[in-house]
Amino acid sequence: MTPEQEAEVARQLRMIRRGAAEIVPEEDLVRKLRQSVATGQPLRIKLGLDPTAPDIHLGHTVVLQKIRQLQDLGHVAHLVIGNFTGQIGDPTDKSETRRQLSEDEVQSNAQTYVAQIFKVLHPDKTEVVYNADWLAPLTFADVVRLASTLTVARMLEREDFQKRFRENRPIHIHEFFYPLMQAYDSVHLRTDIELGGTDQKFNLLMGRTLQREFGQEQQVALMMPLLEGLDGVNKMSKSLGNYIGVAEDPHTMFGKAMSIPDELMPRYFELVSEVPLEELECIQSGLKDGSLHPRDAKMRLAGELVRRFHGEDASREAVARWRQVFQAGGLPDDMPEAECNGGEVWIVELLVNLGLAVSRSEARRFLEQGGVRIDGERLQDVDAKVEVRDGMVIQVGKRRFVRCRVR
RNA sequence: GGAGGGGUACCAAAGUGGCCAACUGGGGCGGACUGUAAAUCCGUUGCGUAAGCUUCGAAGGUUCGAAUCCUUCCCCCUCCA
């Protein structure tokens, strides 16, 4: 290889390593990169997706961003929509048996999914495939043959299975097929690098095992860390509600980003922003020596996120609104409006009618706790009647506003 | 097939005849403070203006009175086979 080619390999390796939790085995990656650079053949990247959860959030983008970087380096990505595996059910949640999705549902889920994903990935370097295309035609004999390459002991290496086995909790036989199928996807696609979170390690390595069985070159498992959610403790997930969805509106996204614990900022910068490495170091040292205000750093982060998913204008606007509402204590320009009847209304009823409280008891509670403002004036009298005027602004808590429009 | 354990509010988990609209923790919400919706602290968390009403897997029953006792049913889990 020429010195230029060697340099290219080194460059790619550096980029791929960035933020990665683990690369198994790294020597294989180097070998594949050398091969790719020498021959001009792009590497085949794979990411498996579960079509049952159509909303993607920042946690998912950690892996997606890495794929994007690989695409930028010239490689091609296969997005495997698990329309077959999805019906089997992911072993991790034992409680809910998954509803079988209809063909149409899978299609439409996959479409919304992919649309969101292309906010991060290059559409022209991404191939979307469905694993039912090659998994469904397998015969029982095929499946048995696949299964015969593995042992129960090997399966029980998986932490989740091991734990359940130890605790005498049930493990269904079909759950063993999940990693097997995912591994077979890699065989089918002749995958060079499979991406996933660190929690996917077992499945990713299973791909290597199966590829070897099939006499293929083994894939590299590239694992990204799991991003902590807004609470700073648990991994970001929709069910925990600690997520920022990529399809969320700019203001929500900005606000949620502002609510992450300070300690989490560097991680978010590293894993989900496009801020270059050098700048990142600047921010970190600034935070450390106190020359950079944590609030300003976080606003920068929030702005970056909005810019990434909604564009420059939306980002600027979100920042402006934040300043206006939270730093200056003012009102947002664009608050929801509600049609109201004019005249005197009991405040409790008004709050419920406007959807600011779910029940009268809750409305009363808000009032008693001093959480209600009308045109900026705090109102605590539970029995109060208010004269509804056009343009009147009712606020509950710090961030819920409604402007009344009298019919 | 046999034996046992369990289903309580958003979640976890107390309560085993009245003092239980139900301890406590988490979460959520409100407030104070701040540097932001960080951190911390305080309050609050079924519905109802109220009297009161409806909740403890479901349906019946006993009782002046049941989350607590009885009957039937549904669901979950464990062990043995």
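Within every chain, numbering begins at 1; the chains are lettered A, B, ... in the order of the sequence lines, protein sequences first and strands thereafter.
H188(A) meets the side chain to side chain donor-acceptor pair (under 3.5 Å) test with no other residue; sequence neighbours excluded. R295(A) meets the side chain to side chain donor-acceptor pair (under 3.5 Å) test with no other residue; sequence neighbours excluded.
When both pairing distances are held under 3.5 Å, G43(B) makes a Watson-Crick or G-U pair with C29(B). Remark: U71(B) base-pairs with A59(B); criterion is Watson-Crick or G-U wobble with both hydrogen-bond distances under 3.5 Å. When Watson-Crick and G-U wobble pairs are counted only if both distances are under 3.5 Å, A12(B) pairs with U24(B). Remark: U78(B) base-pairs with A3(B); criterion is Watson-Crick or G-U wobble with both hydrogen-bond distances under 3.5 Å. For G35(B), there is no paired base (Watson-Crick or G-U wobble, both distances below 3.5 Å).
Between C80(B) and U62(B), the distance separating the two P atoms is 43 Å to the nearest Å. Comparing the C1' positions of G46(B) and A81(B) gives a spacing of 47 Å, expressed to the nearest Å. Nucleotides A58(B) and C76(B) have their C1' atoms positioned 15 Å apart, rounded to a whole Å. Comparing the C1' positions of A21(B) and U68(B) gives a spacing of 16 Å, expressed to the nearest Å. Separation of the P atoms belonging to G28(B) and C73(B) is 43 Å when rounded to the nearest angstrom.
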Under 3.5 Å, which donor-acceptor pairs do the side chains of residues 11-21 of chain A form with other protein atoms, sequence neighbours left out?
unit_1: R11(A); atom_1: NE; unit_2: E8(A); atom_2: OE1; d: 3.1
unit_1: R11(A); atom_1: NH2; unit_2: E8(A); atom_2: OE2; d: 3.2
unit_1: Q12(A); atom_1: OE1; unit_2: H75(A); atom_2: NE2; d: 2.9
unit_1: Q12(A); atom_1: NE2; unit_2: E8(A); atom_2: OE2; d: 2.8
unit_1: R17(A); atom_1: NE; unit_2: E26(A); atom_2: OE2; d: 2.5
unit_1: R17(A); atom_1: NH2; unit_2: E26(A); atom_2: OE2; d: 2.6

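Residue whose closest nucleotide on RNA chain B sits further toward the 5' end, between S359(A) and G371(A): G371(A).
Two residues are said to be in side-chain contact when any heavy atoms from C-beta on lie closer than 4.5 Å; Y184(A) and F177(A) fail this criterion.
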Base-contact (B) and sugar-phosphate-only (S) positions in nucleotides 34-43 of chain B, heavy-atom cut-off under 4.0 Å, - elsewhere:
-BBBS----B
One character per nucleotide, please: for nucleotides 21-26 of chain B, 5' to 3', B when the base has a protein heavy atom closer than 4.0 Å, S when only the sugar-phosphate does, - otherwise.
------
Run E312(A) and R316(A) through salt bridge (Lys or Arg N to Asp or Glu O under 4.0 Å) and show every step you take.
CA-CA 6 Å; E312(A) 191 65 49; R316(A) 259 198 304 273; 3.7 Å; yes
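Taking atom CG on L351(A) and atom C1' on C29(B), their separation rounds to 14 Å, with Å as the unit. One atom, CZ of F366(A), and another, C1' of G28(B), lie 10 Å apart when rounded to the nearest Å. A straight line from CD of E368(A) to P of U49(B) spans 12 Å, rounded to a whole angstrom. In this structure, the CZ atom of R378(A) is 7 Å from the C1' atom of G31(B), given to the nearest Å.
Inspection of the R154(A) and T209(A) side chains reveals an N or O donor paired with an N or O acceptor under 3.5 Å.
For the pair D72(A) and R68(A), the salt-bridge criterion is met [side-chain N within less than 4.0 Å of a carboxylate O]. Between R321(A) and E317(A), none of the side-chain N atoms (NZ, or NE/NH1/NH2) sits under 4.0 Å from a carboxylate O, so this pair counts as no salt bridge.
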Short heteroatom pairs, N/O only, protein and nucleotides 50-56 of chain B, under 3.5 Å:
none

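The residue from L43(A), V76(A), L222(A) that alone fulfils the side-chain contact (heavy atoms from CB on, under 4.5 Å) condition with L70(A) is L222(A).
Within 4.0 Å of R373(A), counting heavy atoms only, lies no atom of the nucleic acid at all.
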